[in-house]
Trainee: 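Before I ask anything, let me first share the structure, which is written out below as structure tokens.
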Amino acid sequence: MPQYSPPLRDLRFVLHELLDVSTELRALPRHADLDAETIDAVVEEAGKFAAEVLFPINRSGDEEGCHYDRDTHEVRAPKGFKEAYALYVEGGWPALTADPEYGGQGLPIVVNQCLFEMLNSANQAWTMYPGLSHGAFEALKAHGTDDQKRRYLPRLTSGVWTGTMCLTEPHCGTDLGLLRTKAEPQADGTYRLTGQKIFISAGEQDLTENIVHLVLARLPEAPAGSKGISLFVVPKFHVADDGSLGERNAIFCSGIEHKMGINGSATCQMTLDGAVGTLVGEPHKGLAAMFVMMNAARLGVGNQGLGLTEVAYQNAAAYAKDRIQMRSLTGPKDKTKPADPIIVHPDVRKMLLTARAYAEGGRALAVWTALLIDKELASADAAERAECADLVALLTPVVKAFLTDNAWIATSHCMQVFGGHGYVRETGMEQFVRDARINPIYEGTNTIQALDLLGRKVLADNGAKLRKFGRIVAAFVEEEGVNEAMQEFVNPLADLGDKLTKLTTELGMKAMGNADEVGAAAVDYLRICGHLVFAYFWARMAKIALSKKDSGDPFYTAKLATARFYFAKLLPETAGLIRSARSGSASLMALDVALF
């Protein structure tokens, strides 16, 4: 049976030793009274909820799946999911970081990051039910009318209602300019929406009394393409002025998907048959409003990858220390047994350390990104807010794509550690692999993230955002350049930074003559950027571990060893990626379509 222990020691290391979040947060007026002890207490309780309430129903939820009633269009979540959600609400977890004006606790995003990493490790499918509510809250808070805020935000905050994001249609996924759902204006100021949406996570469920759907649709005479898209809030049940629920709205689930993974999450086909909605923001400006939610979702998906990487690693490491097979190539390590535990074998260690390095590096990146969002939202310094906003924009596609690609690699490696026992359901490892595979696909495929990074976030502003991160790296390299003990980390970091700068310039020049050069290089380019960010954080973590190596605490010994593994075995991947990115589009585009 699989197991999960919240990684509280490493979370404390990242929060307090690496990033010193309590000092950073106290500089923000809204968090001036928050201390490290309070953060640790909340994170510890979050870990208990994840491990004790959610993890025990992860495997059973996968095996049972969701139940769809064709007659009533209702969906029932797996056994235990509704009860777990009730405990989630009772514990106040939905309100953790929400605005106190609407009943929230007002804690920083960085604390919510820790909560959701552990929820995703414990049960990604369950976590998808409340997972989009924060994004819906922020979209309505930023673009909604006063009436919409009054009507919906307190109940999204408390968790008695959840939110969804209704974008995709059968004929269009990423290309939202093709969507056909229509919104007809009514005399009372509302709109009647008609159309089909697919792949709507938690579009229908029995966990909450109402669901707040944010729906993209077209107004009559709307311009073609993405410039003609508007955003509407469409509740499952109509909401009266006093907040009470009225009749069922004409938005309903017309089927659920039977999927490779996340089977406990209801992935719904949604039909709107004259459903009543109200406009969010300005007409034809729906994508701008929805991107508040989409960017939050992309960071959330990166967190799903991180959570699965951690739980897969924990189980594989435990198995490798227990499973005996063959003898070590350098001679028996445990003569009391007929064979050695498989953790003595170099390639098993390589698989385990890959997962560990990706989990701990991903945690550092995800927590730092959350801290940047806190500073973007709450700093009293306008220049700092702008700086953090640019860094978050740059890092969002990296968090989404690099962490989820790494999760696919790591969960597959961890299943491999189990051998044939990993391929069968009993150990639970194959579920982690299946669940991990969706994360590079939805909320914008990882190719879309790569195009966004290279095209919009780097080349579009002539590398301004990238240079901001580059200056952070350069400052660290300069500071540690004279430290002999840090050369094994600083030199590869500096070298990769230089090579990325040259590659960026080269690709920018090529793109001016042929836009396909961006498409050909983008995926490699994002992965190179991901490694640059990881190398920066692993160098910083190595510095701390070196300073504590004589403390007697094995945590620092393990941290330093993992850092050395990362630089020796994982960072060199960038050499091949740079060569591939430079090879251009010719070999990709030469073959005639008819010959495929």
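Numbers here are sequence positions counted from 1. Every heavy atom of this structure was used, including side-chain atoms; hydrogens, water molecules and symmetry mates were not.
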Trainee: Looking at every non-hydrogen atom in both residues, tell me the closest pair between Thr127 and Pro130 and how far apart they are.
Mentor: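 Shortest heavy-atom contact: O-CD, 3.2 Å.
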Trainee: Does anything in residues 73-82 form a side chain to side chain donor-acceptor pair (under 3.5 Å)? List the pairs, not counting sequence neighbours.
Mentor: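 Output for this query lists Tyr68-His73.
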Trainee: What closest approach, in Å, do Ala139 and Ala289 show between heavy atoms, and which atom pair accounts for it?
Mentor: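 Heavy-atom minimum between the residues: CB-O, 4.0 Å.
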Trainee: Please name the pair of heavy atoms, one in Leu132 and one in Gly163, separated by the smallest distance, quoted to 0.1 Å.
Mentor: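 Smallest interatomic distance, heavy atoms only, reads CB-O, 3.6 Å.
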Trainee: Distance-only, no hydrogens or angles: does the Gln449 side chain make a donor-acceptor pair with backbone N or O of Glu443 under 3.5 Å?
Mentor: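 Yes; at least one donor-acceptor contact below 3.5 Å.
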Trainee: Closest heavy-atom contact between Pro6 and Met118?
Mentor: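 Nearest heavy atoms, Pro6 then Met118: CB-SD, 3.6 Å.
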Trainee: Closest approach of Leu365 and Leu395, non-hydrogen atoms and distance?
Mentor: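 Heavy-atom minimum between the residues: CD1-CD2, 4.2 Å.
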Trainee: Quick check against the 3.5 Å criterion: does Lys400 have a side-chain atom that pairs as donor or acceptor with the backbone of Asn295?
Mentor: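 It does not hold such a pair.
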Trainee: Check the side chains of Tyr358 and Glu310 for a donor-acceptor pair under 3.5 angstrom, ignoring hydrogens and angles.
Mentor: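 Absent: no donor and acceptor within the cut-off.
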Trainee: When Leu54 is tested against each of Tyr4, Phe49, Phe81 for side chain to side chain contact (heavy atoms under 4.5 Å, CB included), which residue passes?
Mentor: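 That would be Phe49; it is the only one of Tyr4, Phe49, Phe81 passing the side chain to side chain contact (heavy atoms under 4.5 Å, CB included) with Leu54.
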Trainee: Between the side chain of Asp435 and the main-chain N/O of Gly261, is any donor-acceptor distance below 3.5 Å?
Mentor: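 Pair absent, no side-chain N/O of Asp435 close to backbone of Gly261.
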Trainee: Could you walk me through whether Arg9 and Glu44 pass salt bridge (Lys or Arg N to Asp or Glu O under 4.0 Å), step by step?
Mentor: CA-CA 10 Å; Arg9 179 65 181 89; Glu44 184 175 350; over 6 Å; no
Trainee: Classify the side-chain pair Asn446/Thr404 by whether it contains a donor and acceptor separated by less than 3.5 Å.
Mentor: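 Side chains of Asn446 and Thr404: pair found under 3.5 Å.
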Trainee: Mark yes when over 12 heavy atoms from residues, nucleotides or ligands other than Gln416 sit less than 6.0 Å from its CD; otherwise mark no.
Mentor: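 Check fails, neighbour count at 12 or below.
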Trainee: Short question: side chain of Thr164, backbone of Cys166 - any donor-acceptor pair under 3.5 Å?
Mentor: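 The answer is no, because no donor-acceptor pair under 3.5 Å joins these two groups.
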Trainee: May I ask you to test the Met429-Pro2 pair for a side-chain heavy-atom distance under 4.5 Å?
Mentor: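 Of all side-chain heavy-atom pairs linking Pro2 with Met429, none is under 4.5 Å.
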Trainee: Determine the sole option in Thr396, Asp452, Asp390 for which the side chain to side chain donor-acceptor pair (under 3.5 Å) test with Lys457 is passed.
Mentor: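 Considering Thr396, Asp452, Asp390, a side chain to side chain donor-acceptor pair (under 3.5 Å) with Lys457 is found only for Asp452.
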Trainee: Can you check whether Gly307's main-chain N or O pairs, donor with acceptor, with Ser121's side chain at less than 3.5 Å?
Mentor: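 Flag set: sc Ser121 to bb Gly307 pair under 3.5 Å.
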Trainee: Between Gln431 and Asn58, is there a side-chain donor-acceptor contact under 3.5 Å, judged purely by atom types and distance?
Mentor: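 Checked: Asn58/Gln431 side chains pair up, N/O donor to acceptor below 3.5 Å.
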Trainee: Would you say Thr168 and Lys197 are linked by a side-chain donor-acceptor pair, where the criterion is simply a distance under 3.5 Å?
Mentor: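 Per modelled atom types, Lys197 and Thr168 side chains form no pair under 3.5 Å.
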Trainee: Salt bridge between Lys548 and Asp553, side-chain N to carboxylate O under 4.0 Å?
Mentor: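 Salt bridge absent between Lys548 and Asp553.
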Trainee: Out of Ile211, Val212, Ile251, which one pairs with Val234 under the side chain to side chain contact (heavy atoms under 4.5 Å, CB included) rule?
Mentor: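 Exactly one option meets the side chain to side chain contact (heavy atoms under 4.5 Å, CB included) with Val234, and it is Ile251.
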Trainee: Could you report the tightest heavy-atom contact between Phe402 and Leu526, atom names first, then the distance?
Mentor: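 Closest heavy-atom pair between Phe402 and Leu526: N-CD2, 3.9 Å.
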Trainee: Which residues pass the side-chain hydrogen bond (donor to acceptor under 3.5 Å, both in side chains) test with Tyr85, not counting sequence neighbours?
Mentor: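 Once residues adjacent in sequence are excluded, Tyr85 has no partner under the side-chain hydrogen bond (donor to acceptor under 3.5 Å, both in side chains) criterion.
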Trainee: Do the charged groups of Glu204 and Lys236 touch, with an N to O distance under 4.0 Å?
Mentor: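 Judged by the 4.0 Å cut-off on N to carboxylate O distance, Glu204 and Lys236 do form a salt bridge.
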Trainee: Show me the pairs that pass ring-ring contact (aromatic ring centres under 6.0 Å, His included) and involve residues 7-48, at least two apart or across chains.
Mentor: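 Listed once each, the pairs are Phe13-Phe555.
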Trainee: Please list, chain by chain and in numerical order, all residues satisfying salt bridge (Lys or Arg N to Asp or Glu O under 4.0 Å) with Glu360, sequence neighbours excluded.
Mentor: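 Testing Glu360 for salt bridge (Lys or Arg N to Asp or Glu O under 4.0 Å), a comparison that skips the adjacent residues, returns Arg356, Lys559.
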Trainee: In terms of relative ring orientation, are Phe116 and His134 parallel, tilted or perpendicular, with 30° and 60° separating the classes?
Mentor: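 Plane angle over 60°, so perpendicular.
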Trainee: Side chain to side chain donor-acceptor pair (under 3.5 Å): which pairs involve residues 88-115, sequence neighbours left out?
Mentor: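 Only Asp99-Lys141, Gln113-Asn303 qualify under side chain to side chain donor-acceptor pair (under 3.5 Å).
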Trainee: Is the closest side-chain donor-acceptor distance between Asn439 and Gln124 under 3.5 Å?
Mentor: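 A pair is found: one side chain offers a donor N or O, the other an acceptor, under 3.5 Å apart.
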Trainee: Going from CG on Leu299 to CE on Met294, what distance comes out if it is rounded to the nearest 0.5 angstrom?
Mentor: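 Separation between the atoms: 12.5 Å.
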Trainee: Under 3.5 Å, is there a donor-acceptor pair between the Glu426 and His421 side chains?
Mentor: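 There is no such pair between these side chains.
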Trainee: List the steps and the verdict of side-chain contact (heavy atoms from CB on, under 4.5 Å) for Phe232 and Leu216.
Mentor: CA-CA 6 Å; Phe232 302 85; Leu216 290 180; over 6 Å; no
Trainee: Does Leu153 offer a backbone N or O that forms a donor-acceptor pair with the side chain of Thr157 under 3.5 Å?
Mentor: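 Pair found, side chain donor or acceptor close to backbone of Leu153.
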Trainee: Between Arg12 and Asp40, is a salt bridge (Lys or Arg N to Asp or Glu O under 4.0 Å) present by the stated rule, with each step listed?
Mentor: CA-CA 7 Å; Arg12 287 194 293 269; Asp40 287 347; 5.1 Å; no
Trainee: Check side-chain contact (heavy atoms from CB on, under 4.5 Å) between Glu430 and all other residues, then give those that pass, not counting sequence neighbours.
Mentor: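 Glu430 satisfies side-chain contact (heavy atoms from CB on, under 4.5 Å) with Met415, Arg425, Arg434 once adjacent residues are dropped.
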Trainee: Any side-chain donor paired with an acceptor under 3.5 Å for Gln3 and Tyr319?
Mentor: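 No donor-acceptor contact under 3.5 Å links the two side chains.
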Trainee: Going by side chain to side chain donor-acceptor pair (under 3.5 Å), Ser379 matches just one of Glu384, Arg30, Glu24. Which one?
Mentor: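 Only one of Glu384, Arg30, Glu24 forms a side chain to side chain donor-acceptor pair (under 3.5 Å) with Ser379, namely Glu384.
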